[in-house]
S.K.: 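My questions all concern the structure below.
Note: hydrogens, waters and symmetry copies are ignored here, and every other heavy atom, side chains too, is used. Each chain gets a letter, A, B and so on, in the order the sequences are listed, and its residues count up from 1.
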Amino acid sequence: MRNSEIALIFNQIADILEIKGENPFRVRAYQKVVRVLESLAEEVEEIYQTRELKNIPGVGEGIARKIEELLTTGKLQYYEELKESVPSGLVELLSISEVGPRTASLLHKELGIKSVKDLEKAVRKHRIKDLPGMGEKTEENILRGIELLKRRKGRMLLGKAYPLAQSIIDSLKKLSEVDRISSAGSLRRMKETIGDIDILVTSKKPAKVMEVFLSLPQIAEVLASGETKSSVIMEGGLQVDVRVVKPDSFGAALQYFTGSKPHNIKLRELANKRGLKINEYGVFKIKSGKKVAGRKEEDVYATLNLPYIPPELREERGEIEAGQEGSLPKLISLKSIKGDLHVHSKWSDGSDAIMELAEAARKLKYQYIAICDHSKSLGVAGGLSERDLERQIAEIRKVNEKLHPFRVLAGSEVDIRSDGRLDFEDDILKELDIVIAAIHTGFKQDRETITNRIIKAMKNKFVHVLAHPTGRVLHEREPYQVDMEAIIKEAKRTGTFLELNAFPARLDLNDVHCRRAREEGVMVTLGTDAHHKMQLDSMYYGVATARRGWLEDKDILNTLSLKELLKILKRN
DNA sequence: GCCGTTTTCGGCCCGACTGTTTTCAGTCG
């Protein structure tokens, strides 16, 4: 059983326990394990075979026993019984904003409501308002919550939310009334998908800021508007909240609203032990109530003897401990990137000529790009035949003569066929500067088959890079069943580099796998998979994911200069 | 249900907002 499946079950358990009004700390214990499982690179199955499950943080006696039962029998008696005790539709009520566990169980007890559909009917018949603790307003709010749920399209890709947020920030920045401004929340942490956009502002005239914000053209609906906080829904369904805070609280507010929640909880626990209290206004001494920090985010961390922790790391995955030990990574930044190692031209399914792409790359101050068009068996993507590839190499040589010292690397995104053989023979692969291998068909193979298939390709000495190693496409396709732990180990053994594909819907490797690669000493390459010169810009999201994966310059191949890069590529 | 440089038992983050209440419970981030 995979970690994600176990996490799903524990998440359900947490929800049901909440509805049943169980001890909230027990609920939190299950929620914590869910989070830990989601950020665990290694499969629990493997941990179970080699060592104690209780080594996993948040896993104690009880949960260890439950995991064991799931792994050995595929089922969990406790969960089955729990499910029986609560109608299945009740859990989905929790996804309506305004409806929490207490309301859900009240609705069920009093009106027999078992699903969102039931609830909507009851609301429209005005049967809610007479329940104890409810009223007309609550009824309206629940209806609004249901409508919001229907309209909400789930989380948005970072690649879409980020430019949107930036354009809002740019519009507000122009105002002389705006002093400081920053995004917060998961967007600032650069998570791969974003639930809503939070923007913080300091201003002496909040009303003016709000007025301008609320008049932005992309707004579909205003949910709330006040002096210090306004919420809107943008076209496309994303919610944006703007808050105005006082200058001497800006740092504390930024820290608070950036999260993540588990990161903040851990910080506040730490603060308590030192007789301090942290909230969105600042850091205070508990006894005297004296404020000791708040203006700058750095100061908030400093009161706990911590260095500044970059937002991308704030997921409670050991960053606080690393800060205490002084072992936080020096994260990679965009300006360290010297080139793009995965670009398509119009020779296959891209839309630009090699020269255009090279010119665009030079504008980004790169020293090189690798043209890696598809190989012959990928007919749908205009895969190149051996003959085409040779002609393409000739064209690349000509471009290089003109653009020297900039360099276009001749490459290929060679398809790994279903049996693990490559789409080109060695004698043509060896002509290339860089070979990246990838799977494009047969995604549904079982774990062992697909893992062995990929490993077979990695063993080819002409293959430098494994591209988009898990094959996921956010919102579209699950990763294949590949055993990433085995792939990372094999990458170490064969000297293969693992790609972090920067295309916003891929970001594959993800943050967790990046970190595992680093721990094993496997270098990562960054490539945008651009099919258009504009898409070279998505390198930014790749770098963000690398940062979330704790990667430094030295962990990333294309921070190397052209000369150093060529040396390494030849060695293979 | 977890966890321990104050603890193997008794803690477990913090405040705003809202609506329904006359002092607070529920929800949210």
S.K.: Nearest whole angstrom, please: distance from the P of dG10(B) to the CZ of R26(A).
M.R.: 17 Å
S.K.: Would you find more than 12 non-hydrogen atoms of other residues, nucleotides or ligands less than 6.0 Å from K83(A) atom NZ?
M.R.: yes
S.K.: Between E192(A) and R472(A), is there a side-chain N and carboxylate O pair less than 4.0 Å apart?
M.R.: yes
S.K.: When the C1' atoms of dT7(B) and dC2(B) are considered, how many whole Å apart are they?
M.R.: 13 Å
S.K.: Mind calculating the distance between CD (E140(A)) and C1' (dT27(B)) to the nearest angstrom?
M.R.: 18 Å
S.K.: Please determine whether a side-chain nitrogen or oxygen atom of T103(A) lies at a distance below 4.0 Å from atom OP1 or OP2 of dT27(B).
M.R.: yes
S.K.: Is D241(A) touching bases, backbone alone, or none of the nucleic acid, heavy atoms closer than 4.0 Å?
M.R.: nothing
S.K.: Once you round it to whole Å, what is the distance between P of dC24(B) and CE of M134(A)?
M.R.: 19 Å
S.K.: Looking across every strand, which nucleic acid part, if any, lies under 4.0 Å from K261(A) by heavy atom: base, sugar-phosphate, or nothing?
M.R.: base
S.K.: Taking any heavy-atom pair under 4.0 Å as a contact, classify L267(A): base, sugar-phosphate, or nothing.
M.R.: nothing
S.K.: Rounding to an integer number of angstrom, what distance separates dT18(B) and dT23(B) when you compare their C1' atoms?
M.R.: 15 Å
S.K.: Should the side chain of N23(A) and the base of dG1(B) be counted as holding a donor-acceptor pair, with the cut-off at 3.5 Å?
M.R.: yes
S.K.: Counting only Watson-Crick pairs (N1-N3 plus N6-O4 or O6-N4) and G-U wobbles (N1-O2, O6-N3), all under 3.5 Å, who is the partner of dG26(B)?
M.R.: dC17(B)
S.K.: Measure NZ/K66(A) against C1'/dC2(B) and give the value in whole Å, please.
M.R.: 12 Å
S.K.: Pick base, sugar-phosphate or nothing for P132(A), based on heavy-atom distances below 4.0 Å to the nucleic acid.
M.R.: nothing
S.K.: Could you give the distance separating dG26(B) and dT20(B) at their C1' atoms, to the nearest angstrom?
M.R.: 11 Å
S.K.: Would you mind classifying the nucleic acid contact of I96(A) as base, sugar-phosphate or nothing, using non-hydrogen atoms under 4.0 angstrom?
M.R.: sugar-phosphate
S.K.: Among E43(A), E478(A), E38(A), E42(A), whose salt bridge (charged side-chain N to carboxylate O under 4.0 Å, His left out) with R2(A) holds?
M.R.: E43(A)
S.K.: OP1 or OP2 of dT27(B) versus the side-chain N and O atoms of N141(A): is any pair under 4.0 Å?
M.R.: no
S.K.: For DNA chain B, whose closest nucleotide is more 5', that of I63(A) or that of S97(A)?
M.R.: I63(A)
S.K.: Taking only the P atom of each, what is the distance from dC12(B) to dC17(B) in whole angstrom?
M.R.: 25 Å
S.K.: Which whole number of Å gives the distance between the C1' atom of dG4(B) and that of dT8(B)?
M.R.: 8 Å
S.K.: Rounding to a whole Å, what distance do you find between E269(A):CD and dC12(B):P?
M.R.: 9 Å
S.K.: Looking at R144(A) and E221(A), is there a salt bridge between them, counting it only when a charged N and a carboxylate O are closer than 4.0 Å?
M.R.: yes
S.K.: Considering only the C1' atoms, how many Å lie between dT6(B) and dG11(B), rounded to the nearest integer?
M.R.: 12 Å
S.K.: Quick check on DNA chain B: between A29(A) and Y256(A), whose nearest nucleotide comes earlier from the 5' end?
M.R.: A29(A)
S.K.: Kindly indicate whether a cation-pi arrangement holds for K66(A) with Y78(A), taking the cut-offs as under 6.0 Å to the six-membered ring centre and within 45° of the axis.
M.R.: yes
S.K.: Give me the distance, rounded to whole Å, that separates dT5(B) from dG1(B) when you measure between the C1' atoms they each carry.
M.R.: 24 Å
S.K.: My understanding is that only residues two or more places apart in sequence, or in another chain, count here; which of them pass salt bridge (charged side-chain N to carboxylate O under 4.0 Å, His left out) with E269(A)?
M.R.: R28(A)
S.K.: Nearest whole Å is fine: how far is dC2(B) P from L53(A) CG?
M.R.: 12 Å
S.K.: In whole Å, what is the span from the CZ atom of R188(A) to the P atom of dG29(B)?
M.R.: 19 Å
S.K.: With the side chain of R28(A) defined as its heavy atoms from C-beta on, choose the nearest nucleotide among dG1(B), dT20(B), dC12(B).
M.R.: dC12(B)
S.K.: Think K229(A) has a side-chain N or O under 4.0 angstrom from the OP1 or OP2 of dC17(B)?
M.R.: no
S.K.: Given the P atoms of dC28(B) and dT22(B), what is the spacing between them in whole Å?
M.R.: 23 Å
S.K.: Whole-Å distance between dG29(B) P and K191(A) NZ?
M.R.: 14 Å
S.K.: For dT21(B), measure the glycosidic angle (O4'-C1'-N9-C4 for a purine, O4'-C1'-N1-C2 for a pyrimidine) and name it syn if it falls within 90° of 0, otherwise anti.
M.R.: anti
S.K.: Checking all strands, does Y30(A) fall into the base, sugar-phosphate, or nothing category for heavy-atom contacts under 4.0 angstrom?
M.R.: sugar-phosphate
S.K.: Could K54(A) and E61(A) be called an ion pair, given the rule that one side-chain N must be under 4.0 Å from one carboxylate O?
M.R.: yes
S.K.: Look at the side chain of P101(A) and decide which nucleotide, out of dT27(B), dG19(B), dG15(B), has an atom nearest to it.
M.R.: dT27(B)
